[in-house]
Amino acid sequence: MSMPQGELEVASVGLITPVDEADVAIQGRSLRQIAWRRLKQDKVAMAGGVGIVLVTLTAILASQLNDLIGNQPAGRNSLLTSEDTGMPFGKFGGASAKHLLGVQPVDGQDILARLIAGARTSMMI
């Protein structure tokens, strides 16, 4: 029972399974590599990751950052607030080039310095 030459070729072609190009591209990668590739494509997740890294670095370097901006979170500074009303001098709650987010009423503490110090406390908790 031999098959004619034409039928033999058809039978041998049927044994070959087609290879999908997507399967070849993923083959050989670990789950970590696949997850990282998918994460890199998600712009919102990457923006959130950058935000978390910035807050963490701010918390780690809190004292150095407060020294760099020249304001400390603790201590009263009566030169920045009015003795009569307790409100900060200047527009926008005492915001200026030296105090970017302004100062607190009554005691005159720098708000940015207090936020940086608070980030360190929050990350420790």
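Residue indices begin at 1 and follow the sequence shown. Any value given below was found using the heavy atoms of this structure, including those in side chains, with hydrogens, waters and symmetry copies removed.
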Exercise. Considering non-hydrogen atoms only, spot the tightest contact between G28 and Q33 and give its length.
Key: O-OE1, 4.4 Å
Quiz item: Name the one of V53, L54, I52 that satisfies side-chain contact (heavy atoms from CB on, under 4.5 Å) with T56?
Solution: I52
Quiz prompt | hydrophobic_cluster_shared for L65 and L115, side chain cutoff 4.5 Å | solution = yes
Quiz item: Which heavy atom of A45 sits nearest a heavy atom of L39, and at what distance?
Solution: CB-CD1, 3.7 Å
Quiz prompt | Point-to-point distance, once rounded to the nearest 0.5 Å, from CE of M123 to CD1 of I60 | solution = 7.0 Å
Quiz item: Closest approach of A119 and A59, non-hydrogen atoms and distance?
Solution: O-CB, 3.6 Å
